[in-house]
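These notes concern the structure reproduced below.
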Amino acid sequence: MIGTLETGHGLWSALYWLLGLAVLSLIVYFIYSFGGKTVKASGDKGKPFLSGNEMVKEETHVKASNIYWGFTETLKSYYSPLKGGHTGNVNDYVSWFIVVLAIVLILAGGL
Amino acid sequence: MINEHLPALIIGIPLLAAFATPLISKINDKLRNIFVIGVLGVTLCLVGLLALNVFENGIFVYVMGAKSTGLSLPSGYRMPIRIILEVDGMSILMAIITSIVSFLGAIYSWAFVEKETGKDKYYTLLLLLTAGMFGMEFTGDMFNFFVFLEITSIAACGLIGFRINRGESGEAAFKTMVLYTLGALFVLFAVGILYGQYDALNIATLASRIQYTMLDKIALGLLIAGLAMKAGAVPMHMWVPDAYAEAPAPISLILVVNTQASLYGLFRVLFTLYGVNISTQTVGWIIVILGVLSMFVGVTMALIQSKLKRLIAYGAVSQIGYMLLGVGVGLATLSTPALQEYGIKAMEGSIFHIINDAMYKGLLFLTAGAIIYCTGKRNLNEMSGLAHDMKFTSIFFIIGAGAIAGLPPFNGFASKLIIYESVYKFNPILSVIAILVSILTLAIFVKIFQSAFLGPKLMNVKKEPKSMIFAMLVLSVIVIAFGLFPDVVVDKIVSPAVNALINQMDYIAAILGGT
């Protein structure tokens with residue numbers, strides 16, 4: 001059937017996947033429609049709330065540098081040498097290039 | 001008549017148009033833009049014609065200025081001495097990508113560089129870069145490969161440093177030029193070694209004579225390092241974020257294909273030039289390790305970036321890793337029963353990923369370009385709530401991000417799924433790393449979406465010009481279509497490319513059979 005890809009271990013069809021997604025969405029909507037309709041976003045309920053502090057809407061946006069802070073902080077021991085290796089110095093770029101060349105020559109060439 | 005000369009026309013038309021562009025610029029800017037887009041549109045059609053020809057009749061051999069590929073001496077000695085273009089399934093796949101991306105890059109450029117000066121030079125270099133890539137993909141000669149590699153390098157560096165009012169562009173162009181020049185010198189040195197030993201530059205002739213001597217091994221090392229560097233493999237990737245981030249967005253789009261053209265060169269060298277003569281297991285593992293390093297280091301470095309295009313550029317490095325991984329597995333299993341069992345599938349996944357990557361990564365660079373164009377900002381920390389004003393770009397970004405992260409039903413999922421499954425049979429740990437990298441890729445694009453598109457509206461934003469929306473729309477349609485019908489792409493385009501790579505003898509016979 002068109003749209004069915006042989007992956008070597010099984011089959012994949014995006015069309016069937018979309019069909020499944022549509023059915024699932026209908027079920028979700030059906031359950032959702034039973035939910036209460038009394039929540040109002042006006043007044044205090046509509047105000048932004050961040051860690052117990054009341055803030056104006058414009059200040060609530062989490063900046064890109066703060067996203068995944070916990071992840072990068074935890075992996076500091078991995079990131080410190082990695083960032084240190086990316087010096088932005090073209091001499092280092094060339095050095096890495098030469099190092100790889102040497103390793104490839106040793107491994108591929110059996111030197 | 002045209003059919004007989006397609007490869008030469010595909011290289012020649014953008015090459016000649018490049019030199020005509022400054023002259024047409026003297027008449028009118030609009031006319032120049034129409035001319036460039038028209039030329040690349042015609043080239044796209046010619047590539048389509050050539051693709052039909054190659055898929056129907058097999059390898060297309062074109063000899064410049066003669067009918068025969070070589071010269072026969074009275075003694076009976078025969079040798080291909082002419083400039084030969086050889087187009088097989090792999091070459092045409094790359095040409096399809098190049099023609100689509102260059103055409104869309106020119107359309108996008110119309111509005112993107114409209115207010116800039118020096119557009120005659122910009123379009124000249126864009127056409128030269130395109131012609132150089134076609135040359136790399138079609139040439140059947142190692143020295144000409146080097147020449148076209150240099151053409152692309154010079155044009156690419158000129159375009160990366162196109163705007164020198166920001167100092168970073170000039171610095172990025174300089175760094176890229178240093179690396180490109182060194183890489184090209186390595187390639188030239190390798191070509192010299194091969195020529196010195198075998199008195200030939202033709203790839204098919206060299207492939208038929210190669211002995212895998214110590215000098216051949218040195219040449220192989222030089223070629224792997226030089227081409228893997230230009231493809232952006234870790235740890236030789238550091239020029240990539242500099243170059244991609246500083247180049248104008250449509251050029252970043254074309255640079256993606258430029259790095260893939262180098263990847264094509266690497267695959268051509270490994271499979272067609274050396275083939276089973278090398279220790280496929282060892283060299284295959286070298287490629288696999290370069291791939292895994294690229295995947296992991298690329299994505300983890302992307303995670304800590306706050307500049308939009310730099311972040312996407314590190315993501316691009318990561319995607320190169322997938323291509324190296326699958327093809328590395330294919331090479332490691334070459335001439336073993338495992339090739340049929342999962343090696344070919346791994347290569348299919350990787351080659352399919354090349355075409356997918358060009359489309360979705362190109363799309364992401366164009367959305368980044370649209371953001372920079374409309375807001376004037378490059379730093380994600382300064383952005384917020386762009387989805388309020390840039391609705392089209394938001395949708396295109398979601399499509400591109402979903403595809404690069406390997407979410408169904410987009411095209412990236414289909415190629416990554418093939419890679420995961422086939423690589424798992426080779427080494428399960430590699431497959432696990434590939435899946436982990438995909439999850440991290442999703443995380444980095446969620447970061448962009450959250451910080452740039454979501455949140456309160458904090459700035460005034462210009463509207464995206466129509467030409468930019470058109471280019472992004474076409475790429476989005478391709479991303480979705482390839483995702484919905486991956487089987488068609490794999491059967492019609494990818495499988496012939498994989499067969500072309502693994503059947504070294506067919507490539508050799510196409511030239512030497514007609515000498």
Side-chain angles (χ1 to χ4, degrees), chain A residues 1-21 48 56-69 71-72 75 78-79 82-83 85-111, chain B residues 174-175 178-179 182-183 186 214 217-218 220-222 224-225 228-229 235-236 238-239 242 278-279 282-283 286 290 297 300-301 303-304 306 342 345 348 379-381 383-385 408-409 413-414 417-418 421-422 424-425 443 447-448 450-452 454-456 458 483-488 490:
Chain A
M1 186 194 151
I2 193 162
T4 306
L5 176 71
E6 265 188 57
T7 59
H9 202 68
L11 297 170
W12 161 251
S13 170
L15 299 174
Y16 278 116
W17 185 86
L18 282 175
L19 192 68
L21 190 70
V56 289
K57 199 175 170 186
E58 284 68 27
E59 290 173 3
T60 55
H61 188 56
V62 181
K63 300 289 179 193
S65 298
N66 299 328
I67 301 173
Y68 305 133
W69 175 84
F71 182 84
T72 50
L75 294 177
Y78 167 74
Y79 271 113
L82 192 65
K83 278 199 272 188
H86 290 78
T87 56
N89 184 341
V90 73
N91 295 337
D92 295 338
Y93 294 11
V94 174
S95 305
W96 278 111
F97 190 13
I98 302 297
V99 166
V100 172
L101 174 65
I103 294 170
V104 171
L105 282 176
I106 291 165
L107 295 176
L111 294 174
Chain B
F174 170 73
K175 288 176 182 173
V178 170
L179 270 285
L182 197 60
F186 284 179
M214 183 54 75
K217 290 176 184 176
I218 292 170
L220 177 65
L222 291 165
I224 290 176
M229 181 280 299
M236 304 171 287
M238 292 171 190
W239 63 272
D242 294 338
I278 53 175
S279 168
T282 311
V283 180
I286 291 172
L290 285 175
V297 172
T300 47
M301 278 303 290
L303 205 70
I304 55 171
S306 56
Y342 56 80
K345 273 290 165 196
E348 273 185 6
N379 195 325
L380 284 167
N381 288 324
M383 297 176 193
S384 174
F413 175 79
L417 183 65
I418 302 176
E421 290 192 357
S422 49
Y424 185 84
K425 290 179 184 169
K447 173 179 170 172
I448 298 180
Q450 191 281 335
S451 52
L454 300 184
L458 296 180
L484 292 179
F485 305 103
D487 54 320
V488 178
V490 170

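Residue numbers begin at 1 in each chain, while the letters A, B, ... track the order of the sequences.
- Ring planes of Tyr79(A) and Phe71(A): perpendicular class, angle over 60° (limits at 30 and 60°).
- Between Ile304(B) and Leu82(A), every side-chain heavy-atom pair lies at or beyond the 4.5 Å cut-off.
- Looking at Phe97(A), both its backbone and its side chain come within 4.5 Å of chain B, counting heavy atoms on both sides.
- Most heavy-atom pairs under 4.5 Å with chain A, from the set Tyr342(B), Phe485(B), Phe413(B): that is Phe413(B).
- A 4.5 Å side-chain heavy-atom check between His9(A) and Lys425(B) finds at least one atom pair inside the cut-off.
- Of the atoms belonging to Thr72(A), it is side-chain heavy atoms, and not backbone ones, that fall under 4.5 Å from chain B.
- In terms of heavy-atom proximity, Leu15(A) sits nearest to Gly3(A) at CD1-CA, 4.5 Å.
- Looking at Leu75(A), there are no atoms closer than 4.5 Å to chain B (heavy atoms on both sides), in backbone or side chain.
- Note: Pro408(B) leads Gly221(B), Gly455(B), Pro408(B), Ala452(B) in heavy-atom pairs under 4.5 Å with chain A.
- Contacts of Ala228(B) with chain A are absent, with no heavy-atom separation under 4.5 Å from either backbone or side chain.
- Counting heavy-atom pairs closer than 4.5 Å to chain A, the top-ranked of the candidates Val490(B), Thr282(B), Asn379(B), Ile286(B) is Ile286(B).
- Heavy atoms closer than 4.5 Å to chain A are found nowhere in Tyr424(B), neither backbone nor side chain.
- If you measure heavy-atom distances from Leu18(A) to chain B, the contacts under 4.5 Å come from the side chain alone.
- Both the backbone and the side chain of Ser384(B) come within contact range of chain A, judged by heavy atoms closer than 4.5 Å.
- No more than 12 heavy atoms of other residues, nucleotides or ligands lie within 6.0 Å of CH2 in Trp96(A), so this atom counts as exposed by the packing criterion.
- Here CE of Met383(B) is found 10.5 Å from NZ of Lys63(A). Values are rounded to the nearest 0.5 Å.
- Checked by atom type and distance alone, the side chain of Asn381(B) pairs as donor or acceptor with a backbone atom of Ser65(A) at under 3.5 Å.
- The candidate with the highest count of non-hydrogen atom pairs below 4.5 Å against chain A, out of Ile224(B), Leu303(B), Val283(B), is Leu303(B).
- Contact annotation for Leu458(B): only side-chain heavy atoms (C-beta onward) come within less than 4.5 Å of a heavy atom of chain A.
- Each of Leu182(B), Val178(B), Asp242(B) was scored for a side chain to side chain contact (heavy atoms under 4.5 Å, CB included) with Tyr93(A), with one residue passing: Asp242(B).
- Interface residue Leu222(B): backbone and side-chain heavy atoms are both found under 4.5 Å from chain A.
- Using a 4.5 Å heavy-atom threshold, the side chains of Ser451(B) and Ile67(A) count as touching.
- His86(A) has its side chain within reach of Met301(B): a pair of non-hydrogen atoms, C-beta onward, lies under 4.5 Å apart.
- Proximity to chain A (any heavy atom under 4.5 Å) is shown, for Glu348(B), by neither the backbone nor the side chain.
- Of the listed residues (Ile448(B), Thr300(B), Leu290(B)), the one with the most heavy-atom contacts under 4.5 Å to chain A is Thr300(B).
- Pro235(B) has its side chain within reach of Val100(A): a pair of non-hydrogen atoms, C-beta onward, lies under 4.5 Å apart.
- Listed options Leu101(A), Val90(A), Ile103(A) were ranked by heavy-atom pairs under 4.5 angstrom with chain B; first place goes to Leu101(A).
- For Leu179(B), the parts sitting under 4.5 Å from any heavy atom of chain A are the backbone and the side chain alike.
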